[in-house]
*Asks:* 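Below is the structure I would like to discuss, written out as structure tokens.
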Amino acid sequence: PTMVKAEKIHFIAEDLTVKSNQRGQINASLRWGKEGSIGLKGTLGLSPPKADVRLEIKEIALAPIQSFLADRLHFGVKITQGIVSTSGNLRAGVGANGAFQASYIGQGAVTDLASLGPDGKDLLNWKAASLSRLDAGTQPAHLNVGEFSLEGFSAHVRRSPQGVFNIQEIVPPVKSSPGAAPPSPAP
């Protein structure tokens, strides 16, 4: 289980209604852990669900949410420290076709990252990784980064006696279903 203390929770909503295609204003914020904060401000519709908000995430410690991330991302990396921050515009909701869709345009950073590989030894570490002009979304799935910078990076790559590199064990192999065709080579 993941336990994080949230306090100083503020939520203000104006003109929020369940009427179809109506949107109200929201302004919400909270303190996350010791130093982090999350805030959002913008419009929210309930029928159908739709949000268009400015999102501000500041100094969220990654180590306390490691088990949450590991259960969902299935990577063989344990984050022992790191801080994430991001700010941008988030749009999410149910589209006309009934499918969930989301997009995020902004910038972000992960600082002071330290991680352990599947063997329990140092793997990836850095002082700062920054993304600017970030554009991510679904329908269609995409991720575009205008600029990426990395400072103080180190990777501890090791080869086991069986000839397997530790970085090969980070992402588990994809299980193919019986009768599935192998992936086509990239053009």
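The analysis underlying the following values was restricted to heavy atoms, covering all of them including side chains, and did not include hydrogens, waters or symmetry mates. Residue numbers run from 1 in the order of the sequence given. The shown structure was predicted, so the numbers you read here are calculated from the model rather than taken from an experiment.
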*Asks:* State the CG-OG1 distance between D15 and T43, to the nearest 0.5 angstrom.
*Replies:* 12.0 Å
*Asks:* If you look only at pairs with a residue in residues 17-35, which of them pass as a side chain to side chain donor-acceptor pair (under 3.5 Å), with sequence neighbours excluded?
*Replies:* none
*Asks:* Is any side-chain heavy atom of L134 closer than 4.5 Å to one of L143?
*Replies:* yes
*Asks:* Is the side chain of Y104 donor-acceptor paired with the backbone N or O of G88 at a distance under 3.5 Å, no angle test?
*Replies:*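 Judged by distance alone, yes, a pair lies under 3.5 Å.
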*Asks:* With rounding to the nearest 0.5 Å, note down the distance linking CZ in R54 to NZ in K41.
*Replies:* 11.5 Å
*Asks:* Do you know the tightest heavy-atom contact between H156 and S154?
*Replies:*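 Scanning both residues completely, I find the closest heavy atoms to be NE2-OG, 3.7 Å.
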*Asks:* Within this structure, what is the OG1-CD distance for the pair T111 and Q81, rounded to the nearest 0.5 Å?
*Replies:* 9.0 Å
*Asks:* Do W126 and V110 have side-chain heavy atoms sitting under 4.5 Å apart?
*Replies:*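 When only atoms from C-beta onward are counted, V110 and W126 do touch, with a gap below 4.5 Å.
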*Asks:* What heavy-atom pair brings Q139 and A99 nearest, and what distance separates the two atoms?
*Replies:* NE2-CB, 4.1 Å
*Asks:* Taking all non-hydrogen atoms of both residues, which atom of L30 and which atom of A6 are closest, and how far apart?
*Replies:*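 Closest pair (atom of L30, atom of A6, distance): CD1-CB, 4.3 Å.
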*Asks:* Let me check something: do L40 and L90 share a hydrophobic cluster, defined by ILVMFWY side-chain heavy atoms less than 4.5 Å apart, either directly or through other members?
*Replies:*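 Yes, same cluster.
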*Asks:* Yes or no on side-chain contact (heavy atoms from CB on, under 4.5 Å) for V145 and R133, after CA distance, side-chain angles and deciding distance?
*Replies:* CA-CA 6 Å; V145 177; R133 298 189 315 274; over 6 Å; no
*Asks:* To the nearest 0.5 Å, tell me how far L55 CG sits from R91 CZ.
*Replies:* 14.0 Å
*Asks:* Would you sort out whether I79 and L113 count as a side-chain contact (heavy atoms from CB on, under 4.5 Å), showing the intermediate values?
*Replies:* CA-CA 7 Å; I79 297 170; L113 183 86; 3.9 Å; yes
*Asks:* Grab the two heavy atoms, one from L124 and one from S115, that are nearest each other, plus how far apart they are.
*Replies:* O-OG, 2.7 Å
*Asks:* Are side-chain heavy atoms of S85 and I57 found at a separation under 4.5 Å?
*Replies:* no
*Asks:* Considering only heavy atoms from C-beta outward, does the side chain of T80 approach that of L116 to under 4.5 Å?
*Replies:* yes
*Asks:* Any chain of hydrophobic side-chain contacts (each under 4.5 Å) joining F148 to V84?
*Replies:*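 Both belong to a single hydrophobic cluster.
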*Asks:* Any chain of hydrophobic side-chain contacts (each under 4.5 Å) joining V77 to L150?
*Replies:* yes
*Asks:* Decide yes or no for F11 and I26: does some side-chain heavy atom of the first lie under 4.5 Å from some side-chain heavy atom of the second?
*Replies:*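 Yes, side chains in contact.
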*Asks:* Would you tell me whether Q107 and S87 have side-chain atoms, one donor and one acceptor, within less than 3.5 Å of each other?
*Replies:* yes
*Asks:* With a 4.5 Å heavy-atom cut-off, do V4 and I65 have their side chains touching?
*Replies:* yes
*Asks:* Cluster question for you: counting only ILVMFWY and a side-chain heavy-atom cut-off of under 4.5 Å, with indirect links fine, are V94 and L46 together?
*Replies:*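 In one cluster with V94: L46, no.
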*Asks:* I want to check something: taking the side chain as every heavy atom from C-beta on, are L16 and L44 in contact at a cut-off of under 4.5 Å?
*Replies:* yes
*Asks:* Please check if F100 and I105 belong to a single hydrophobic cluster, counting links between Ile, Leu, Val, Met, Phe, Trp and Tyr side chain heavy atoms closer than 4.5 Å.
*Replies:* no
*Asks:* Is I38 close to I60 at the side-chain level, that is, under 4.5 Å between some pair of heavy atoms?
*Replies:* yes
*Asks:* Where the side chain of T138 meets the backbone of A102, is there a donor-acceptor pair that is under 3.5 Å apart?
*Replies:* yes
